[in-house]
Amino acid sequence: MPDTSLPKVTIRSIAVAPLFGESPKGGWSAEIRPEDSVHALIAVHTKEGITGFGSVFTDGRLVKAAVDVLEPLWRGENALEPERVTEKMHQNTFWMGRGGALTHAISGIDIALWDILGKALGQPVGRLLGGTYRDRVKPYCSLLMEEPERMADVIGPHRARGFKAFKIGWGPFGRRDDRRFDEAIVRAARTAAGEDAQLFVDAGASDAHWPQGLKWALNTAHMLKDYDVGWFEEALRPDALDDFVTLRRASPVPIAGGEVLTRRQAFLPWLAKGALDIVQPDVTKVGGISEQRRIAWLADEFGVTYVGHGWNTALGLAADLQLAAAMPHCDLVEFIGGSPYLDGIVAEPFTVDAEGYLRIPARPGLGIALDPAAVARYTTDAASFFAPG
């Protein structure tokens, strides 16, 4: 039989574009400044002229350094084999530390490799992951908590845009040791979102020196039930596994978490011990699409719902959309409200339909196109980023 396999598509160079200038606030105790880089874009260029794009939720300086360190492992590799190339990078950098900047950078490279594979085959990534269960998914608009009297102004513009699901998080919630104040924020958010909207609450306990513990989380979970909150996210410090187990068993609302974990091995004890109702790996940190789908399927085996953490860029959202297409029970994706790094860097802004859903792109690869002129507003050398090195 004749050999009909695709010829090798060779990785020629990898470029990094740190995003800064309008970085959205995170609600962190050490707040993000507009000029800080907390997100970076990655471009994988090939000798055959196909370029794939990815996203990393990490300071761009770390991403650039990691790409340089990883160069002997990716240069000259076949871009049509994302899982093998990604695992090669993981396996050969164990001695530099697992789960930090290298893993984050590998995430962006992996996303870009899947983008290349889809473009080379003329198929959306979701189909290449095994098949598509849906062609649209509901985005929940991720917003910061503010003083109760400001929550209507925070939520209102996004409800007007068509969002029908909202997550409020971080900010002053849980940080003043005043349960009546916390409840006032949630009450104001529920009123602004409307009784017909889904509402989720994120305490943000991975913030520096989180002051609350298990009893606060238990009491707060019971309060959230009264406002029909769909899940309680990051209610405890991110290493408090046993407390999460206790909280999940006692809480009247579902418990979510996992955004600070990386690679599938770190998620296993959380799933095996029953610590979470909803697991939230971040595709731009955890190891990319290759790792994210393995975690999502592993969660499914334990009866845990997968909803990706997506506080990132248009490319991170695009990866989450393709994963949502390929997973049988994923009905939500995260969408940062008001971030210019989503709608502000793409050729076609994301559109919420009349029912509050996003269409999952069916074009090859991730299915979206960056606008080079728009990207140039948020990075220093966009021309080099888009041009093969």
Side-chain angles (χ1 to χ4, degrees), residues 1-17 40-56 63-64 66-92 105-130 132 283-284 287-293 313-316 318-319 321-323 325-326 345-348 361-376 379 381-389:
M1 294 179 61
D3 184 359
T4 59
S5 62
L6 284 177
K8 179 179 179 180
V9 174
T10 305
I11 300 175
R12 173 181 177 177
S13 62
I14 298 180
V16 179
L41 307 182
I42 275 185
V44 175
H45 298 290
T46 65
K47 291 181 179 179
E48 290 70 22
I50 306 174
T51 297
F53 296 98
S55 183
V56 187
V63 181
K64 284 185 173 182
V67 167
D68 287 344
V69 168
L70 293 164
E71 182 174 357
L73 300 171
W74 57 254
R75 184 173 290 280
E77 267 290 1
N78 189 352
L80 301 183
E81 300 179 355
E83 285 193 299
R84 184 188 62 77
V85 175
T86 297
E87 192 64 24
K88 174 186 177 183
M89 290 188 284
H90 287 311
Q91 291 286 336
N92 287 282
I106 291 170
S107 304
I109 296 170
D110 179 83
I111 294 168
L113 294 178
W114 278 102
D115 192 29
I116 290 171
L117 180 60
K119 290 172 178 175
L121 296 176
Q123 297 292 327
V125 167
R127 183 167 293 136
L128 299 179
L129 294 174
T132 55
V283 70
T284 66
I289 291 171
S290 297
E291 199 76 7
Q292 188 95 328
R293 73 156 168 175
T313 72
L315 290 167
L321 288 171
Q322 295 298 326
L323 282 156
I345 64 172
V346 289
E348 297 178 27
R363 292 185 290 270
L366 294 177
I368 67 167
L370 295 175
D371 179 344
V375 172
T379 196
D381 191 4
S384 296
F385 176 73
F386 287 101

Heavy-atom closest pair, residues Gln123 and Leu128: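 Gln123 and Leu128 have their closest heavy atoms at CB-CD2, 3.9 Å.
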Determine the minimum heavy-atom distance between His45 and Ala15, stating which atoms define it.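 In this case the closest contact between His45 and Ala15 is NE2-CB, 4.4 Å.
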Which residues pass the salt bridge (charged side-chain N to carboxylate O under 4.0 Å, His left out) test with [X], sequence neighbours left out?
X      : result
Arg75  : Glu71
Asp115 : Lys119
Arg293 : Glu83

So, using side-chain contact (heavy atoms from CB on, under 4.5 Å) as the criterion, who are the partners of [X] when residues are at least two apart?
X      : result
Thr284 : Ser55, Phe57, Ile111, Asp282, Asn312
Thr379 : Ala17, Pro18, Val375, Ala382
Ala40  : Val16, Val63

Side-chain donor-acceptor pairs under 3.5 Å in residues 361-374, sequence neighbours left out?
residue : atom : partner : partner atom : Å
Arg363  : NE   : Gly367  : O            : 3.2
Arg363  : NH2  : Gly367  : O            : 2.8
Asp371  : OD1  : Ala373  : N            : 3.1
Asp371  : OD1  : Ala374  : N            : 3.4

Residues that [X] engages under side chain to side chain donor-acceptor pair (under 3.5 Å), provided they are two or more places apart:
X      : result
Thr86  : Asp110
Glu348 : none
Asp381 : Ser384

Who passes ring-ring contact (aromatic ring centres under 6.0 Å, His included) against Phe53, sequence neighbours left out?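 Phe53 satisfies ring-ring contact (aromatic ring centres under 6.0 Å, His included) with Phe385, Phe386 only.
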Would you mind listing every salt bridge (charged side-chain N to carboxylate O under 4.0 Å, His left out) that reaches into residues 47-56, with sequence neighbours excluded?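 Sorted pair list comes back empty.
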Do Pro82 and Leu117 have side-chain heavy atoms sitting under 4.5 Å apart?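 Yes, close enough: below the 4.5 Å cut-off.
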Leu113 side chain reached by Ile11 side chain, heavy atoms, under 4.5 Å: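 Sidechains of Leu113 and Ile11: in contact.
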Tell me if a side-chain donor or acceptor on Trp114 pairs with a main-chain N or O of Gly126 at a distance below 3.5 Å.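 No, Trp114 side chain to Gly126 backbone: no donor-acceptor pair under 3.5 Å.
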